[in-house]
Amino acid sequence: MNKTIAQLMTRHVVQVEPEMCLSDCAELMAIHKISSLLIGQNNKPLGILTERDVVRLLSQNVSLDSPVSELMSAKLVTVRADTDYRDAYHLFVLHGIRHLVVIEED
């Protein structure tokens, strides 16, 4: 059984601009029932905001008006769509994360 990330990944990804505030991001996540947002410009990923991030930030009393560019995780762990799912799983464990950003080769 050789599955690739392309066969398992979420295809509808919600991307927001870096200037969007934390409260709007949290609202978007709730509306779309998703656990992460990709932060980017011109279809280039700059960072990610996850529901774990939101919970942590709220517990730290971060302002809801803060731009997501100041709060996002900018160290993205990326894979290509043809990555074997076992290799992707290894990245999840290695980095202690629940989301990978799938990118094109270029």
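The residues of the chain are indexed from 1 along the displayed sequence.
- Checked against I5 for a side-chain contact (heavy atoms from CB on, under 4.5 Å), the options T83, D82, D87 give a single hit: T83.
- Contact between F92 and L100 at its shortest, heavy atoms only, is CE2-CG, 3.5 Å.
- Summarising the geometry of P45 relative to L76, their closest heavy-atom pair is CB-CD1, 3.7 Å, with the distance given to 0.1 Å.
- Nearest heavy atoms, D53 versus S73: OD2-OG, 3.6 Å.
- A distance of 6.0 Å separates CG in L58 from CG in L22, rounded to the nearest 0.5 Å.
- Two residues are said to be in side-chain contact when any heavy atoms from C-beta on lie closer than 4.5 Å; N43 and Q15 meet this criterion.
- Interatomic distance, I34 CD1 to H12 NE2, rounded to the nearest 0.5 Å: 6.5 Å.
- Proximity of a side-chain donor or acceptor of R86 to a complementary backbone N or O of N2 within less than 3.5 Å is not detected.
- Residues I39 and L49 meet the side-chain proximity criterion, which asks for heavy atoms closer than 4.5 Å.
- Of all heavy-atom pairs spanning P18 and P67, the tightest one is O-CB, 3.9 Å.
- Among all heavy-atom pairs drawn from V16 and C25, the shortest one is CG2-SG, 4.1 Å.
- Interatomic distance, L57 CG to S63 OG, rounded to the nearest 0.5 Å: 11.0 Å.
- With rounding to the nearest 0.5 Å, the separation of OG in S36 from CZ in R52 is 11.5 Å.
- Between I48 atom CD1 and T78 atom OG1 the span is 11.5 Å, to the nearest 0.5 Å.
- Here L38 contributes atom CG and T50 contributes atom OG1; the two are 12.5 Å apart, rounded to the nearest 0.5 Å.
- Residues satisfying the side chain to side chain donor-acceptor pair (under 3.5 Å) test with N42, not counting sequence neighbours, are none.
- A 6.0 Å sphere centred on CD of E27 holds no more than 12 heavy atoms belonging to other residues, nucleotides or ligands.
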Take R98 and E51 through the test side-chain contact (heavy atoms from CB on, under 4.5 Å) and record every step on the way to the result.
-> CA-CA 10 Å; R98 294 179 28 204; E51 59 188 355; 3.5 Å; yes
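- Using a 4.5 Å heavy-atom cutoff, the side chains of D24 and L28 are not in contact.
- Side-chain atoms of H99 and V101, non-hydrogen and from C-beta on, never get closer than 4.5 Å to each other.
- Of all the heavy atoms in M72 and G47, the pair that sits closest is SD-CA, 3.7 Å.
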